[in-house]
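One structure is given below, encoded as structure tokens.
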Amino acid sequence: MTQLDGVIKPKTKRSKRFLDRRAPKLTEDVKTTMIMKGGNASLTVTQALKDIYSLKKPNAVLYKKKNITRPFEDSTSLEFFSKKTDCSLFLFGSHNKKRPNNLIFGRMFDFHVLDMVELGVEKYVALSEIKNSKCPEGTKPMLVFAGEAFDTDNEHKRLKSLLIDFFRGPTASAVRLAGLEHVLHFTALDGKIYMRSYRCMLKKSGCRTPRIELEEMGPSFDLVLRRTHLASDDLYKLAHRKPKALKAKKKKNISHNVFGTKFGRVHMQKQDLAKLQTRKMKGLRKRRGRRGR
């Protein structure tokens, strides 16, 4: 099992189980994130990577050693580690004079880089600096995006899609009100992106519906968009393609409106209204004959 590309025939049951876990599935597993730092990393970048790792646990792998690589120039190192750890998302932190306090968010498709967005950290407040209660590990966050740029600008649209992919976590089959306790808020304003993390608290309101308060728990980022590496429209469409087995089969003569109301169309043969059975009333009966006065 030394070969990474091509067809591999397992020789043991353990290697067969390993290959089965890596094989494509109709319902894919939760996306795992690898978090690493470059050859030069400042204290701000190192702490930021640790804080984002704490938000992503347990679906993340943190590399503590430095990796001398430049993703925008050569991404082979990232693709190698992605295939080795079976991670489809990555976060790379670096620091240099030209681009200080740099964070690169990216994702893979078929173990090749699909999208990369480089963000510069202008202001950062660590998770430990805000002395408030934190959410438990593995809490699925609610994502909020504010700003026209996320709906109009192509780069911000792709960044929004990337951030949703990065922070969404596992798919939940049911929602519990008490479990909605973590909010990640992204605001695009004046060429900057503001990331804030809040803890949602349910307070007594005197009625059945609780009163909701947001308490900042960190980390907090003021980011600026620097460089992007976006996939072509054809490759992006290919990455979003669903298998035929997962596509919902279209039912004949059934439609839905914008509000989700279900409508059905029934086809019937032409009816003869002369033979239509109506309610019998004494006033509608035909008289046999009239008597003269």
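Numbering starts at 1 and runs along the sequence shown.
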Is it true that atom CD1 of I254 has more than 12 heavy atoms of other residues, nucleotides or ligands lying nearer than 6.0 Å? yes
Show the numbers, then the answer: is there a side-chain contact (heavy atoms from CB on, under 4.5 Å) between F167 and T33? CA-CA 10 Å; F167 289 106; T33 306; over 6 Å; no
Do S197 and H182 pair up side chain to side chain, a donor and an acceptor below 3.5 Å, judged on atom types alone? yes
When you measure from the side chain of S54 to the backbone of D51, do you find a donor-acceptor pair of N or O atoms at a distance under 3.5 Å? yes
Find the distance between CD1 (I212) and OG1 (T209) and round it off to the nearest 0.5 Å. 9.0 Å
With a 3.5 Å distance limit and no angle check, can you tell me whether T12 reaches the backbone of S15 through a side-chain donor-acceptor pair? yes
Are F111 and F80 grouped together when hydrophobic residues (ILVMFWY) are joined by side-chain heavy atoms under 4.5 angstrom apart? no
What verdict does the side chain to side chain donor-acceptor pair (under 3.5 Å) test give for S161 and R107, after you've listed the backbone C-alpha separation in whole Å, the side-chain angles of each residue and the deciding distance to 0.1 Å? CA-CA 11 Å; S161 174; R107 54 185 167 185; 3.3 Å; yes
Nearest heavy atoms of H156 and A188, plus distance in Å: CD2-CB, 4.2 Å
Between the main-chain N or O of S128 and the side-chain N or O of K131, is there a donor-acceptor pair closer than 3.5 Å? yes
Do the charged groups of E118 and R226 touch, with an N to O distance under 4.0 Å? no
Return yes if a side-chain donor-acceptor contact under 3.5 Å exists between D115 and Y236, otherwise no. no
Using modelled atom types only, decide if a donor and an acceptor are shared between the side chain of K37 and the backbone of N67 within a distance under 3.5 Å. no
Check whether any side-chain N or O of K134 sits under 3.5 Å from a backbone N or O of G218 as a donor-acceptor pair, and report yes or no. no
4.5 Å side-chain heavy-atom contact, L177 and P210: yes
Residue pair L223 / E122, side-chain heavy-atom distance below 4.5 Å: no
Mind checking whether Y194 and F186 have ring centres under 6.0 Å apart? no
Pairing of D222 and R196 as salt bridge, 4.0 angstrom limit: yes
Minimum heavy-atom distance L162-F105, with the two atoms named: CD2-O, 3.4 Å
Find the distance between CG (L127) and CE (M217) and round it off to the nearest 0.5 Å. 6.5 Å
Can you tell me if R199 and N132 form a side-chain donor-acceptor pair at under 3.5 Å? no
Hey, is CG on D190 packed in by over 12 heavy atoms from elsewhere, all under 6.0 Å? no
Is there a donor-acceptor contact under 3.5 Å linking the side chains of N101 and S42? yes
Under a 3.5 Å cutoff, is there a donor and acceptor pairing between the side chains of D74 and T76? yes
Measuring from Q47:CD to E129:CD, what's the distance to the nearest 0.5 Å? 8.0 Å
What distance do L119 atom CG and N102 atom CG have between them, rounded to the nearest 0.5 Å? 8.0 Å
Can you see which heavy atom on R158 is nearest to which on A231, and at what distance? NH1-O, 3.4 Å
Of all the heavy-atom pairs spanning S94 and F92, show the shortest one and how long it is. CB-CE2, 3.9 Å
Count the heavy atoms belonging to other residues, nucleotides or ligands that lie under 6.0 Å from NZ of K123, then report whether that count exceeds 12. no
Would you mind reporting whether E215 and S133 have side-chain heavy atoms less than 4.5 Å apart? yes
K160 side chain to F145 backbone, donor-acceptor under 3.5 Å: no
Please say yes or no: joined through hydrophobic side-chain contacts below 4.5 Å, possibly via intermediate residues, are L114 and I35 part of one cluster? no
Test log, rule side-chain contact (heavy atoms from CB on, under 4.5 Å), inputs C87 and K31: CA-CA 7 Å; C87 293; K31 293 184 178 181; over 6 Å; no
Before giving the answer on ring pair (Phe, Tyr, Trp, His ring centres under 6.0 Å), spell out for F81 and Y63 the whole-Å C-alpha distance, their side-chain angles and the decisive distance to 0.1 Å. CA-CA 10 Å; F81 285 112; Y63 287 88; 5.4 Å; yes
Gap between atom CE of M108 and atom CD of E79 - 0.5 Å precision: 5.5 Å
Whether the S77 and R70 side chains hold a donor-acceptor pair (N or O, under 3.5 Å, no angle test) is what I'd like checked. no
Count the heavy atoms belonging to other residues, nucleotides or ligands that lie under 6.0 Å from NZ of K192, then report whether that count exceeds 12. no
Just by distance, do the side chain of T152 and the backbone of E148 share a donor-acceptor pair under 3.5 Å? yes
Measure from NZ or CZ of R227 to the centre of the six-membered ring of F72 and say whether it is under 6.0 Å with the direction within 45° of the ring axis. yes
If you round to the nearest 0.5 Å, how far is CZ of F90 from OG1 of T85? 12.0 Å
Which atoms form the tightest heavy-atom contact between C200 and V183, and what is the distance? CB-CG2, 4.3 Å
Pairwise side-chain contact, R265 with S255, heavy-atom cut-off 4.5 Å (strictly under): no
Under 4.5 Å between side-chain heavy atoms, counting indirect links through other Ile/Leu/Val/Met/Phe/Trp/Tyr residues: same cluster for F150 and L225 or not? yes
How about L55 and F166: do any of their side-chain heavy atoms sit closer than 4.5 Å? no
Let's go through T32 and L89 carefully: what are the C-alpha distance in whole Å and the side-chain angles of both, what is the deciding distance for side-chain contact (heavy atoms from CB on, under 4.5 Å) to 0.1 Å, and is it a yes or a no? CA-CA 6 Å; T32 311; L89 300 167; over 6 Å; no
Under 4.0 Å between a Lys/Arg side-chain N and an Asp/Glu carboxylate O for D151 and K157? no
Transitive ILVMFWY side-chain link Y53 to I130, under 4.5 Å: no
Student check: side-chain heavy atoms of T187 and I193 closer than 4.5 Å: no
For H112, is there any backbone N or O sitting under 3.5 Å from a side-chain donor or acceptor partner on D110? no
Considering all heavy atoms of both residues, which atom of V30 and which atom of G169 are nearest to each other, and what is their separation? CG1-C, 4.4 Å
Please determine whether the number of non-hydrogen atoms from other residues, nucleotides or ligands lying under 6.0 Å from atom NZ of K140 exceeds 12. yes
So, R211 and E213, do they make that salt bridge, N to O below 4.0 Å? yes
Are V175 and L180 side-chain neighbours, meaning at least one heavy-atom pair lies under 4.5 Å? yes
Report the C-alpha separation of F221 and L103 in whole Å, then their side-chain angles, then the decisive distance to 0.1 Å, and conclude whether the side-chain contact (heavy atoms from CB on, under 4.5 Å) test is met. CA-CA 11 Å; F221 292 92; L103 294 178; 4.3 Å; yes
Does I52 share a hydrophobic cluster with L62, counting links as ILVMFWY side-chain heavy atoms below 4.5 Å and allowing steps through other members? yes
Are the side chains of I104 and L91 in contact, using a 4.5 Å heavy-atom criterion? no
